[in-house]
2 protein chains.
Amino acid sequence: MPPMPPPSEPEAANKAARGGDSDAPRQEIVKAAAELFMDLGYRATSIDAIAERMGSTKGRVYHWYRSKAEIYFDVQRSAMRRLTELVEPIAREGGPPQQRIERMARAHVDCLLHDLPMQKVSVQGLETHVITSDSVRHAKAMREIVGLRDAYEALFCEVIDEGIRAGVFVDLPPRLLSKPFFGALNWVTIWYRPRRLQTEDDLQMLGEMLTEFAVRGILKERN
Amino acid sequence: MPPMPPPSEPEAANKAARGGDSDAPRQEIVKAAAELFMDLGYRATSIDAIAERMGSTKGRVYHWYRSKAEIYFDVQRSAMRRLTELVEPIAREGGPPQQRIERMARAHVDCLLHDLPMQKVSVQGLETHVITSDSVRHAKAMREIVGLRDAYEALFCEVIDEGIRAGVFVDLPPRLLSKPFFGALNWVTIWYRPRRLQTEDDLQMLGEMLTEFAVRGILKERN
DNA sequence: GTTTCAACATACCAATCAGTATGCAGCCAA
DNA sequence: TTGGCTGCATACTGATTGGTATGTTGAAAC
């Protein structure tokens, strides 16, 4: 595999953007790691492979991260942050619950499809494979990730609850109803493989189709 | 972990039941392996751990299997065989497509829930993590598993196609429509954790709820 | 110009683990 | 009773890999 050219993105002037923590080199590592986690899984991905994908060596990775698990948790954080940034504004909007949940689902799927590596790692229960190896050491980070996911799913559950009380969604516990709802959407991370000839239009149609399926699943039939 | 007592099942008289291949000790290994694959993932599961779970040692495992990948493929085969045995008869029955697809989905979910370890390993794209390590050596076994899964999914696609032509299901390619359909059902292998206080009734209600959600997703709305 | 330090690269270690080689007990046939 | 064979257990090896310890370099600070 030929070494990748340096990213040469507009990397200027975000040095101390955040608390001095989340940097540009860290994001590059997270991206490379997410791609490998997606293809090989967490265990099978070696730090050397992550470094090689960036055209560097292990030293660089361990300069920015103290362990592989820490990289993994950053992948999770990034994924949840992007989803929340996209979906939360829609959830806070007004309007009928049916339209809001549809727009939220659509944004959710679009994010999955356009950021597949990170989102695939995040969305599947891959975490269990990590915690079991070091259940004690990373308990705090695990709780944080679980908290982020719970808060994100709560956005949907609240809108679903609204729709139930309005009588337009089937009358079941929102927490339970959200499971197959997310299933219909998130399953795309399991079966979908990006093709060469796939256009942006194809992705849009796919997103629309999955969204409509999921919404039909919660809509009460109106005879 | 205390060593498990010997299974002491009715293990008599199935010695040469099949072609002399699939035996009772092999099934015990497959079961132990499936449970560990589910909890830890393929890579993180060591042969020693599989043996320890059976109260034996590595020698026993390697007496019946030549590699870890071979065990993995047997888990897949067993899972697909059970599903197909349950669902195929329903698919071959007569009756309206809506009722048939509902019964098939129900049988599918029930099988997932009652055989979680094997089915979870089978249903998720865990396979990719295996092939990438030895893509050439296990290509044949991989093709077999993929073939089994394709044939199984085709059972659903055919009934869906019937329903589309009858005008009761939404008019989309069955192959595509089946993706979120399976997603709504299969996602249960990701979020569901068996609880101590879970009764058989709870499982039944869960299966019913997921099935109804999935069927609503393909049903054309009748205004 | 030299001190300092961030940002890496290189070399190395210890642990894990798939797979192999070998030992060994019991059973069955001759 | 012996020879062979099945069904394991035990001992061992080579390869991988997470993590550490130690160089090295370029540039800013003074």
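Note on naming: letters A, B, ... go to the chains in the order of the sequence lines (proteins, then strands), and numbering restarts at 1 for each one.
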Return the value, rounded to whole Å, for the distance between atom [atom1] of [X] and atom [atom2] of [N].
| X | N | atom1 | atom2 | answer |
| --- | --- | --- | --- | --- |
| A/R26 | C/dC8 | CZ | P | 13 Å |
| B/E28 | D/dC8 | CD | C1' | 13 Å |
| B/M54 | D/dG7 | CE | P | 14 Å |
| B/E70 | C/dT20 | CD | P | 11 Å |
| A/W64 | D/dT20 | CH2 | P | 18 Å |
| B/R60 | D/dT6 | CZ | P | 17 Å |
| A/E52 | D/dT16 | CD | P | 14 Å |

**Prompt:** Should A/L210 and A/W187 be marked as a side-chain contact (heavy atoms from CB on, under 4.5 Å) after you check the CA-CA gap, both sets of side-chain angles, and the distance that decides it?
**Reply:** CA-CA 10 Å; A/L210 294 178; A/W187 198 247; over 6 Å; no

**Message:** Looking at A/E158 and A/R100, is any side-chain nitrogen of the basic one under 4.0 Å from a carboxylate oxygen of the acidic one?
**Reply:** no

**Asked** Which one, D/dC8, C/dA6, C/dT10, comes nearest to the side chain of A/T57?
**Response** C/dT10

**Request:** Could you please name the option among C/dA7, D/dG7, C/dA9 that lies closest to any side-chain atom of A/H63?
**Result:**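 Nearest nucleotide to the side chain: C/dA7.
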
**Prompt:** With respect to A/R53, which candidate in A/T45, A/D48, A/L36, A/I29 satisfies the side chain to side chain contact (heavy atoms under 4.5 Å, CB included) definition?
**Reply:** A/L36

**Message:** Whether the A/Q204 and A/E200 side chains hold a donor-acceptor pair (N or O, under 3.5 Å, no angle test) is what I'd like checked.
**Reply:** yes

Can you check nucleotides 11-18 of chain C for protein contacts, nitrogen or oxygen pairs under 3.5 Å, and list what you find?
residue : atom : partner : partner atom : Å
C/dA18  : OP1  : B/T45   : O            : 3.2
C/dA18  : OP1  : B/K68   : NZ           : 3.1
C/dA18  : OP2  : B/I47   : N            : 2.8
C/dA18  : N7   : B/K58   : NZ           : 3.3

**Request:** Mind checking side chain to side chain donor-acceptor pair (under 3.5 Å) for A/Q198 and listing every partner two or more places apart, or none if nothing turns up?
**Result:** none

**Asked** With a 6.0 Å cut-off on ring centres, are A/F182 and A/H108 close enough?
**Response**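 Yes, the ring of A/F182 comes within the 6.0 Å limit of the ring of A/H108, centre to centre.
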
